[in-house]
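Just so we're on the same page: letters track the sequence lines, and every chain starts at 1.
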Amino acid sequence: MKNFNLEILHKDPNSRARTTKINVFGKEVMTPVFMPVGTLASVKFLSPEDIKKINASIILSNTYHLWLRPGEDIVDQAGGIHKFMNYDGPVLTDSGGFQVFSLADARKISEEGVYFKSHIDGSKLFLSPEKAIQIQQKIGSDIAMSFDECIPYPSDYNYAKKSVARTLRWAKRGKDAHFRNDQALFGIVQGGDYDDLRKECAEALVEMDFDGYSIGGTSVGEDKETMYRMIDYSIKYLPENKPRYLMGVGAVNDILEGIERGVDMFDCVLPTRIARHGTLMTSVGRINIKKAIYKNDFTPLDAKCDCETCQNYTKAYLNHLFRCNEGLGNRLLSIHNLRFLIKLVEDARKAINEDRFQEFKAETLKNCGFDQRGF
RNA sequence: GGAGAAGUAGCGAAGUGGCUAAACGCGGCUGACUGUAACUCAGCUCUCUACGAGUUCGGCGGUUCGAAUCCGUCCUUCUCCA
């Protein structure tokens, strides 16, 4: 019996939003949760101490990328990913399924698996559902993902149907190859924006009995309404007593819409990526710190934020760091954006527990300026 | 005082008779970024009444159908010799 389970703490009476406590092999994860992404066993520019300081409770890493470098054997020899990167909190590894989408120009899909052309040295690689599980078991993450095909949007119905069937066969193969009792395994719902395909996929995965379920294939270029529909089409077929993870979503409005629809877990590169590009998420919307107007603005980035950056530095200083391409700017903004999203889900949990999630959501969206533009 | 070299858009730097409002880089200004090939990418950066027009390549004056590019002269800077 795996020491992995979910306890529902509170349900919002006005939506499907909920708070839960996920027990990840003795480590607690309160949901809704936002998971910072550390693809290469590193949340870019942040140390494990930084990650803890922003109150992150679980982070993500990536099978495909660690497989290429340094190789799963090295991580295994280090004693697993926690020891390797000196981070003792829960770690979830994505399977490489997203790379089927993001590296589409350098890969070929077959029934057996996916052939990749390495983006590092051009060598030929082959990743199968079994191999993806084997790698993740060696990496030693707390939660592994099954190998799926993340299809682009739009995809025509016939392709999506074919792909879902294959992703399901891959899910079964991966599950059969999985044996670690100290590692959970999640299935991934695909099916594009087709209700019946999402249903077919979700129900088949539930039948296979995974430890949790993800909603994949979103945030691949579709419009917001379509994304929210994909979530609806997927989540209604998923069981209440297992975690629901919306993959790759991290814009403020998307997170709130996801929570409202019953999502427990989110991950996204957005906060760290845009931080490196000078954009910060604030309680009044997104701003780009490189803009000339911040050159002599000696106020904190976000008056309502409790992060290290907002407590200690001004916009003018961050503006200066970015103009000079100083790495500290990347770190400070990454800390801020991650803390901002983690605080967002913390506040959301509180609101759900106090039966005022709808008000919280409406107020947050209004403050962030969603009436005029996306976040 | 003499000899040589050079002055191109905010800066650096190509161009050496028409295809040049002038490559490229930096700087500057905008915008994008959602399970990370991303400290990345895209656009703009002489002026204007702006899918067109007007002024440019140290100044002035020439040669030429046509000049940033050739000639004269002046100014400035740098190097070397006194």
Backbone N/O of A/Val189 and side chain of A/Arg198: donor-acceptor pair under 3.5 Å: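 Checked: pair present.
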
Taking the same atom, [atom1], in [N] and in [M], what whole-Å distance lies between them?
N	M	atom1	result
B/U55	B/C74	P	30 Å
B/A38	B/U34	C1'	13 Å
B/A6	B/C70	P	11 Å

Do we count A/His277 as stacking onto B/U40 if the rule is ring centres under 5.5 Å and planes under 30°?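 By the stated criterion, A/His277 and B/U40 stack.
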
Would you please name every residue forming a ring pair (Phe, Tyr, Trp, His ring centres under 6.0 Å) with A/Phe84, sequence neighbours left out? none

Which one is paired to [N], where only Watson-Crick or G-U wobble pairs with both distances under 3.5 angstrom count?
N	value
B/U64	none
B/G12	B/C24
B/U73	B/G59

For B/G31, does the base pair up with any side-chain atom of A/Asn288 as donor and acceptor (N or O, under 3.5 Å, distance only)?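 A donor-acceptor contact between them is absent.
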
May I ask you to verify whether the side chain of A/Lys290 and the base of B/U30 hold a donor-acceptor pair under 3.5 Å?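 When only heavy-atom distances are counted, A/Lys290 does not reach the base of B/U30 through any donor-acceptor pair under 3.5 Å.
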
Angle between ring planes, A/Phe25 versus A/Phe4, binned at 30° and 60°: parallel, tilted or perpendicular? tilted

